*Asks:* 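Please find one structure pasted underneath; my questions will follow.
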Amino acid sequence: FGQLEQGKTYIKPLYAVTKLEVTYMMESTKIYHSGLICSRLARQYRQQNQQRRHRKYLRRARQFLAQMKYCIEAKGGNNLHRFLLMEADIEAASSSRSIDIAKAAYNKAISCSARSGHIHDTALAYELAGAYFMSAPTVVNPRSHGASHEDATDNAFWSRQYLSNALSLYDEWGATAKVQQMRATYPQDQFIVTSEGTNGGRQPGQARHTTDARMCIETAHKMFAEINLDVL
């Protein structure tokens, strides 16, 4: 829900819990959420020009990324999509990275999450990417004398695409409170709307995710439905 200052106070208690509960799920969840809190704080402090805090939390985020990588290598790749999202958010928080690199990293995390059938993580990846493009610095063409209107428009286009997909997937997942929080947090012009009839419980005019995102989710659902657990 974006409460980063409050969220960082939960990192130490999470470690205390995982000392008692050492399952792969608890360990990976602790690393995942702690890492994203740190990378988002790093991005926030970078925007506020607080370089010392930016470096501190970026370093912590990279440490959590290394821990997630070890978890995947030692215990299986169930959290590969989460590793990729952590990596993308670090790219977005790094002052030396270009927008194209961050965008490619987010798209990779989104694709992996969608193909794995993790709707909530796909929605989160879309939201983080959209939030990044809302505040991303406008790219300056080296052949021009400054940032162009087209560059700024491109950032606005991608923020709307990503945030609209996030809103729709949260709605599909049934996260009503999260949908309400997004509508209250982001400007309404950040959401692409449609005047078509209801679809899956959505009212006319509500945002829907794009065809590509829907196809990825539906394909993943079909793949998992065909798995015979008794045979396995």
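Heavy atoms only: backbone and side chains are in, while hydrogens, waters and symmetry mates are out. The structure displayed is predicted, hence computed values, not measured ones.
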*Asks:* Determine, stepwise, if the pair Y57 / Q44 fulfils side chain to side chain contact (heavy atoms under 4.5 Å, CB included).
*Replies:* CA-CA 10 Å; Y57 282 97; Q44 175 181 290; over 6 Å; no
*Asks:* Distance check, rounded to the nearest 0.5 Å: D171 atom CG versus W173 atom CH2?
*Replies:* 12.5 Å
*Asks:* For the residue pair H120 and Y170, what are the closest heavy atoms and their distance?
*Replies:*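 In this case the closest contact between H120 and Y170 is O-CE2, 4.3 Å.
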*Asks:* For C71 versus E27, what's the shortest heavy-atom pair and its separation?
*Replies:* SG-CG, 3.8 Å
*Asks:* Calculate, to the nearest 0.5 Å, the distance between atoms CG and SG belonging to L65 and C38 respectively.
*Replies:* 11.5 Å
*Asks:* Evaluate the criterion side chain to side chain donor-acceptor pair (under 3.5 Å) for residue pair N49 and Q51; output intermediate values, then yes/no.
*Replies:* CA-CA 6 Å; N49 203 29; Q51 297 301 323; 3.0 Å; yes
*Asks:* Is the closest side-chain heavy-atom distance between N79 and I31 below 4.5 Å?
*Replies:*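 A side-chain contact under 4.5 Å is absent here.
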*Asks:* Drop me the distance from D189's CG to R160's CZ, to the nearest 0.5 angstrom.
*Replies:*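 Going from CG on D189 over to CZ on R160, the span is 7.0 Å.
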*Asks:* Against Y162, only a single residue in Y186, F157, F133 fulfils ring-ring contact (aromatic ring centres under 6.0 Å, His included); can you say which?
*Replies:*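 For Y162, the ring-ring contact (aromatic ring centres under 6.0 Å, His included) test succeeds with only one of Y186, F157, F133, which is F133.
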*Asks:* Mind listing the closest non-hydrogen atom pair of Q190 and S164 along with its distance?
*Replies:*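 Shortest heavy-atom contact: O-OG, 3.5 Å.
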*Asks:* State, with a plain yes or no, whether a side-chain heavy atom of R55 is found less than 4.5 Å away from one of Y45.
*Replies:*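 Not in contact.
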*Asks:* Decide yes or no for S34 and Q67: does some side-chain heavy atom of the first lie under 4.5 Å from some side-chain heavy atom of the second?
*Replies:*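 No, too far: nothing below the 4.5 Å cut-off.
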*Asks:* Do the side chain of S113 and the main chain of I110 share a donor and acceptor less than 3.5 angstrom apart?
*Replies:*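 Not confirmed, S113 side chain does not pair with I110 backbone.
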*Asks:* When you measure from the side chain of S168 to the backbone of N165, do you find a donor-acceptor pair of N or O atoms at a distance under 3.5 Å?
*Replies:*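 Here the side-chain-to-backbone pair does not exist.
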*Asks:* Give, for atom CG of L163 and atom CD1 of I192, the distance between the pair rounded to the nearest 0.5 Å.
*Replies:*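 These two atoms lie 9.5 Å from each other.
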*Asks:* Measure across E172 and I119 and return the closest heavy-atom pair with its distance rounded to 0.1 Å.
*Replies:*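 Where E172 meets I119 most closely, the heavy atoms are OE2-CD1, 3.8 Å.
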*Asks:* With sequence neighbours excluded, tell me which residues meet salt bridge (charged side-chain N to carboxylate O under 4.0 Å, His left out) with E87.
*Replies:* none
*Asks:* Under 6.0 Å from the six-membered ring centre of Y132 and within 45° of its axis: does the NZ or CZ of R43 meet both?
*Replies:* no
*Asks:* Looking at S39 and A61, what are the two nearest heavy atoms and their distance?
*Replies:* N-CB, 3.7 Å
*Asks:* Quick check against the 3.5 Å criterion: does R53 have a side-chain atom that pairs as donor or acceptor with the backbone of A42?
*Replies:* no
*Asks:* Using modelled atom types only, decide if a donor and an acceptor are shared between the side chain of E127 and the backbone of L167 within a distance under 3.5 Å.
*Replies:* no
*Asks:* What distance separates L84 CG from S111 OG, expressed to the nearest 0.5 Å?
*Replies:*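 Taking CG in L84 and OG in S111, the distance rounds to 9.5 Å.
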*Asks:* Between H118 and H81, how do the two ring planes meet: parallel, tilted or perpendicular, split at 30° and 60°?
*Replies:* parallel
*Asks:* To the nearest 0.5 Å, tell me how far T122 OG1 sits from R115 CZ.
*Replies:*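 These two atoms lie 10.5 Å from each other.
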*Asks:* Considering all heavy atoms of both residues, which atom of Y106 and which atom of A92 are nearest to each other, and what is their separation?
*Replies:*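 What the structure gives for the nearest pair is OH-CB, 3.5 Å.
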*Asks:* Side chains of L169 and Y126: does their closest heavy-atom pair fall under 4.5 Å?
*Replies:* yes
*Asks:* Kindly indicate whether the side chain of S94, heavy atoms from C-beta on, has any atom under 4.5 Å from the side chain of I90.
*Replies:* yes
*Asks:* Could you list all the salt bridge (charged side-chain N to carboxylate O under 4.0 Å, His left out) pairs where at least one residue sits in residues 76-86, not counting sequence neighbours?
*Replies:* R82-D121
